[in-house]
Amino acid sequence: MARQRIPVVLVAGFLGSGKTTMLNHLLANREGVRVGVVVNDFGSVNIDALAVSGQVDTMVSLGNGCLCCAVDASGLDAMLGRLSNAEAGIDVIVVEASGIAEPRDLLRLMIASENPDIRYGGLAEVVDAAEFDRSLERHPELAEHLRIADLVVVNKADRVTPGALAKLTATVEEFAPGVPLLVTDHGRVDPQLFFDPKPRERFGQLSFDDLREHDHHDHSEHLHAAYESVTFTTDRPLSPRRLLAFLEQRPPGLYRVKGHVDLGPRSRFGLHTVGAFIQLDRSAWPAGRPRRSELVLIGAGLDAEDVTRRLTECVAEDDTLDERGLLRILRYLDEPADPAAAEDSTDPAEQPDQAEPSEQD
Ligand SMILES: Nc1nc2c(ncn2[C@@H]2O[C@H](COP(=O)(O)OP(=O)(O)OP(=O)(O)O)[C@@H](O)[C@H]2O)c(=O)[nH]1
């Protein structure tokens, strides 16, 4: 079976907005997930690398293999290659862009990467609530950064009045309509927005993380900026056309979708999306398990009822295979990292023709 691709999350934002603070928060609350960190810093490598590695060293001593590296953009692909190497055992990679890095360049580099072991995990733009107006005045490109972000984190909420915050969030929403927006302080966003916690072993020795969790558990709830998650399941197949329309005109506030979908007879696919990035992968029906679609949708400012209603409308009328519809959505099919996995598949529906469908379809 092909190895799961490792999500690469990009964290961008202007100087001092709180990227390192958020990264440290994610590292301190990663719940057993092995995080690879790339600090893509042009100016203050040492300061940032030191701040982050203080955290990382602690975790390395826990035996969880967290890595921290400082590179410039040209070294990024090589670094991602090293971190995604199976031996590194990394579950998620977080790239902190320097305060002066152009997030679009990073994004381009990431999407263009030919590394078969990684996938795009989202671009989070951190904004300093107290400096927003000044930043925008000095760097009008901030508007573009917000527009291309998959998630906007308005940080340092403690430094502004509620009125100023409301004005600021309205401005951000104007620049980046539909993009999920989290208001927080000290970068305290829930790590589950970016990566899934590791399932816990029921038996065995308590790990250092377990002990830390007991330590933190009572007060951890309010540490995290709120997000919503919606679960959708159905035993009836989904229409590939309607699902594609849902994904391409995603509900406001939707950041991430994960799960698997039944798109008709012998057509089960894993589905991952982050922002506008959609990825399907071939997936076989688990033996003895009924066909069904199961999706978890995560975002900030999501209208759960509307999301459920729109997904319910994606349910197909019957169980006939909509081949043209399937072809359309399969433009997002990801080739497996391990070509042998594709060869293993004997199901013709799992070997689809990947010709680009014509616009008239
Ligand atoms: N009051 C307040 N201070 C914060 C908050 N978040 C971060 N800071 C402080 O702001 C300063 C800058 O935070 P960093 O996390 O280093 O910011 P950065 O975006 O990584 O900075 P560069 O790497 O220079 O671009 C630090 O002194 C933080 O302690 C917050 O929510 N509220």
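Note that ligands are numbered from 1 as they come in the structure, with each ligand's atoms numbered from 1 the same way. All values reported here derive from a predicted model rather than from experimental measurement.
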Quiz prompt | Any donor-acceptor pair under 3.5 Å from K19 side chain to E125 backbone | solution =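 No, K19 side chain to E125 backbone: no donor-acceptor pair under 3.5 Å.
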Quiz item: So, the side chain of R5 versus the backbone of I118: is there a donor-acceptor pair under 3.5 Å, distance only?
Solution: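 Indeed, once roles are kept as given, a pair shorter than 3.5 Å links the two residues.
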Quiz item: With distance as the sole criterion, is a donor-acceptor pair present between the side chains of T21 and N155 under 3.5 Å?
Solution: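 Side chains of T21 and N155: no pair found under 3.5 Å.
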With nothing but distance in play, are any N or O atoms of [X] less than 3.5 Å from an N or O of ligand 1?
X    : answer
T184 : no
T20  : yes
G16  : yes
D185 : no
G18  : yes

Quiz item: Which atom names give the shortest non-hydrogen contact between I329 and L280, and what distance separates them?
Solution: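 Closest approach of I329 to L280, heavy atoms only: O-CD1, 3.5 Å.
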Quiz item: Can you name the nearest heavy-atom pair linking F14 to S135, along with the distance?
Solution: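 The answer is CD1-CB, 4.4 Å.
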Self-check item: For atom 2 (C) of ligand 1, the option (of E131, R188, H186) bearing the nearest heavy atom
Solution: H186
Quiz prompt | Among T21, L23, D128, V154, closest by any non-hydrogen atom to atom 7 (C) of ligand 1 | solution = T21
Quiz prompt | Greater than 12 external heavy atoms within 6.0 Å of E248's CD | solution =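 Yes, enclosed.
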Quiz prompt | Within 6.0 angstrom of R159 CZ, more than 12 heavy atoms from elsewhere | solution = no
Quiz item: What part of M22, side chain from CB on, backbone N/CA/C/O, both or neither, has a heavy atom under 4.0 Å from ligand 1?
Solution: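 The answer is neither.
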Self-check item: Partners meeting side-chain hydrogen bond (donor to acceptor under 3.5 Å, both in side chains) with T161 (sequence neighbours left out)
Solution: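 Testing T161 for side-chain hydrogen bond (donor to acceptor under 3.5 Å, both in side chains), a comparison that skips the adjacent residues, returns none.
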Quiz prompt | Numbering as shown, the atoms of ligand 1 that approach D158 to under 4.0 Å (heavy-atom distance) | solution =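 In order of numbering, the contacting atoms are 1 (N), 2 (C), 30 (C), 31 (O), 32 (N).
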Practice problem: Number the atoms of ligand 1 from 1 as they appear, then name those within less than 4.0 Å of a heavy atom of R159, with their elements. | Solution: 1 (N)
Quiz item: Do any heavy atoms of G187 fall under 4.0 Å from ligand 1?
Solution: no
Quiz item: Any heavy atom of E96 sitting closer than 4.0 Å to ligand 1?
Solution: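 Distance cut 4.0 Å: E96 passes for ligand 1.
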